[in-house]
Amino acid sequence: MPVDHTLAAFEQFKASIGDAAKIRAKGRLVVALGWDGCGKSSLLNRCATHLKSVLRQDDGQCLVFSFTDACRDSDSVEERQKAVCQCLIDELDDRDMLTSKHRKKLDGYAPKLKYRYLGNHVLGDTAVVILLPRIELEQEVESYAHWTHRNLVFLAESRQVEAVRAHWPKIKSASTEQGTVPIQLEVGKLEPDDGWAFVQARNGHRTDGVVYPFVSKETIRAVIAAKEFSIGELHNLLFRLFEEILAERTNSGPIGSGLTDEVTYNTITDFYFRRGTT
């Protein structure tokens, strides 16, 4: 669905990523920027699927690993980076891609050298796409730019849009040292018509037989125009509102809060401020 600029960002990614030979030779760093719930993770998963298709066209192998839950938010940058690197090593070990010699070598290396060693001596014709945990510090993005190596593609996301933008020259310089160029993708806020497209798409995918409250295009446009929403925030708001309306319908009709089965602008704003929904 072409909302939140994800379609444009995905097309930008496809145009920038290059062919399989280039990716295998140099690797790549891809960074998606945007607010919480705007579609960064969905965009990167789509990019990973595209990469898998591209990298299999030359009869090579491609493995996609999601390490988005590999660490805790409270972990230091060093702990996070070590955790991700160890997750990759464990995955490769589980696939019998590491010998005892490999493991011995890797034990004595820092993450930067581990990635280089894996690219040069372990992966062979297998490319690895890694979905990283969400990154809060722009310096961590720069680290992965330094660590990009042959057969290694890092997919990162961050909500620190301005900080990463400001730091981008250093990130780009670090990637250039590895012979490649990082890709920056931005996922924006919803436009009024995007919100309506999202509602229509959600309605079209429902198969539970429930009659949901009616909401008009004009109402959704007014809500989006009044406050900046990400797609995740809009989904959360409408889901909770509809949940309340359906619960009141079950309990002998729309009473108590004054909600009805027609969702108006006032219905939504009243619910928003009453529940503190974001």
Side-chain angles (χ1 to χ4, degrees), residues 1-18 23 28-56 62-71 73 80 84 87-88 91 127-136 138 140-141 144 152-165 182-208 220 223-224 227-240 242-243 277-278:
M1 183 172 54
V3 300
D4 266 3
H5 310 300
T6 53
L7 180 59
F10 181 61
E11 293 300 325
Q12 177 193 344
F13 166 79
K14 290 195 296 182
S16 304
I17 193 63
I23 299 168
R28 209 66 182 269
L29 170 67
V30 181
V31 184
L33 303 176
W35 284 15
D36 285 341
C38 68
K40 299 185 300 297
S41 297
S42 297
L43 172 62
L44 290 181
N45 276 287
R46 192 176 182 186
C47 292
T49 300
H50 178 75
L51 279 167
K52 195 170 186 178
S53 175
V54 169
L55 288 164
R56 285 181 169 177
C62 177
L63 299 173
V64 176
F65 297 122
S66 177
F67 299 145
T68 55
D69 297 323
C71 52
D73 290 341
R80 290 161 52 83
V84 170
C87 283
L88 176 59
E91 289 284 355
V128 172
V129 178
I130 301 171
L131 290 151
L132 297 169
R134 186 178 66 190
I135 294 176
E136 297 294 350
E138 60 273 21
E140 188 174 358
V141 179
Y144 283 104
L152 290 169
V153 179
F154 294 112
L155 303 183
E157 65 174 86
S158 179
R159 58 187 177 182
Q160 306 302 325
V161 179
E162 296 302 327
V164 174
R165 277 184 192 156
I183 299 173
Q184 180 186 142
L185 306 174
E186 292 201 22
V187 186
K189 284 295 184 177
L190 287 173
E191 298 295 332
D193 285 336
D194 293 337
W196 178 242
F198 169 74
V199 171
Q200 286 183 302
R202 294 294 296 178
N203 287 337
H205 284 90
R206 288 191 175 116
T207 58
D208 53 14
I220 294 298
V223 169
I224 298 299
K227 180 188 181 299
E228 288 190 331
F229 279 96
S230 70
I231 197 166
E233 291 168 336
L234 180 62
H235 174 267
N236 188 43
L237 172 63
L238 294 179
F239 174 81
R240 294 191 182 192
F242 286 3
E243 186 178 51
T277 306
T278 58

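Residue numbers start at 1 and run along the sequence shown. Atoms considered below: every heavy atom in the structure, side chains included; atoms not considered: hydrogens, waters and symmetry mates.
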Check: Do you know the tightest heavy-atom contact between Leu132 and Thr68?
Finding: O-CG2, 3.5 Å
Item checked: Any donor-acceptor N/O pair, Ser158 side chain to Ile135 backbone, under 3.5 Å -> yes
Margin query: Restricting to non-hydrogen atoms, name the atom on Ile23 and the atom on Gly18 that form the minimum distance, rounded to 0.1 Å.
Written below: CD1-O, 3.8 Å
Checklist line | Arg134 side chain to Arg159 backbone, donor-acceptor under 3.5 Å | finding: no
Checklist line | Salt bridge present between Glu162 and Arg165 (N-O < 4.0 angstrom) | finding: yes
Notebook entry, point to check: Sub-3.5 Å donor-acceptor pair from the side chain of Ser53 to the main-chain atoms of Thr49, do we have one?
Noted result: no
Notebook entry, point to check: How long is the gap from CD1 on Ile224 to CG on Leu234, to the nearest 0.5 Å?
Noted result: 4.5 Å
Notebook entry, point to check: Taking the side chain as C-beta and beyond, is there a heavy-atom pair between Phe13 and Arg46 under 4.5 Å?
Noted result: no
Next item on the list: Grab the two heavy atoms, one from Phe67 and one from Pro133, that are nearest each other, plus how far apart they are.
Entry: O-CG, 3.1 Å
Checklist line | From CD (Glu91) to OG (Ser66), nearest 0.5 Å | finding: 10.0 Å
Item checked: Nearest non-hydrogen partners of Glu157 and Ser41, listed with the distance -> OE1-OG, 2.7 Å
Margin query: For the backbone of Ala32 and the side chain of Lys40, can you confirm whether one donor and one acceptor N or O come within less than 3.5 Å of each other?
Written below: no
Next item on the list: Return the minimal non-hydrogen interatomic distance between Val141 and Leu29, and the atom names on each side.
Entry: O-CD2, 3.9 Å
Item checked: Qualifying residue for side chain to side chain contact (heavy atoms under 4.5 Å, CB included) with Leu43, from Val30, Leu155, Leu185, Leu7 -> Leu185
Item checked: side chain to side chain contact (heavy atoms under 4.5 Å, CB included) between Val84 and Phe154, intermediate numbers included -> CA-CA 11 Å; Val84 170; Phe154 294 112; 5.7 Å; no
Notebook entry, point to check: How many angstroms lie between CD in Glu140 and CZ in Arg80, if you round to the nearest 0.5 Å?
Noted result: 4.0 Å
Margin query: With a 4.5 Å cut-off on side-chain heavy atoms, are Val161 and Glu186 touching?
Written below: yes
Next item on the list: Nearest 0.5 Å please: distance from the CZ atom of Phe242 over to the CG atom of Leu237.
Entry: 9.0 Å
Next item on the list: Check the pair Ile17, Val54 against side chain to side chain contact (heavy atoms under 4.5 Å, CB included), reporting the backbone distance first and the verdict last.
Entry: CA-CA 10 Å; Ile17 193 63; Val54 169; 5.6 Å; no
Check: Between atom CG of Leu152 and atom CZ of Arg28, what is the distance when rounded to the nearest 0.5 Å?
Finding: 14.0 Å
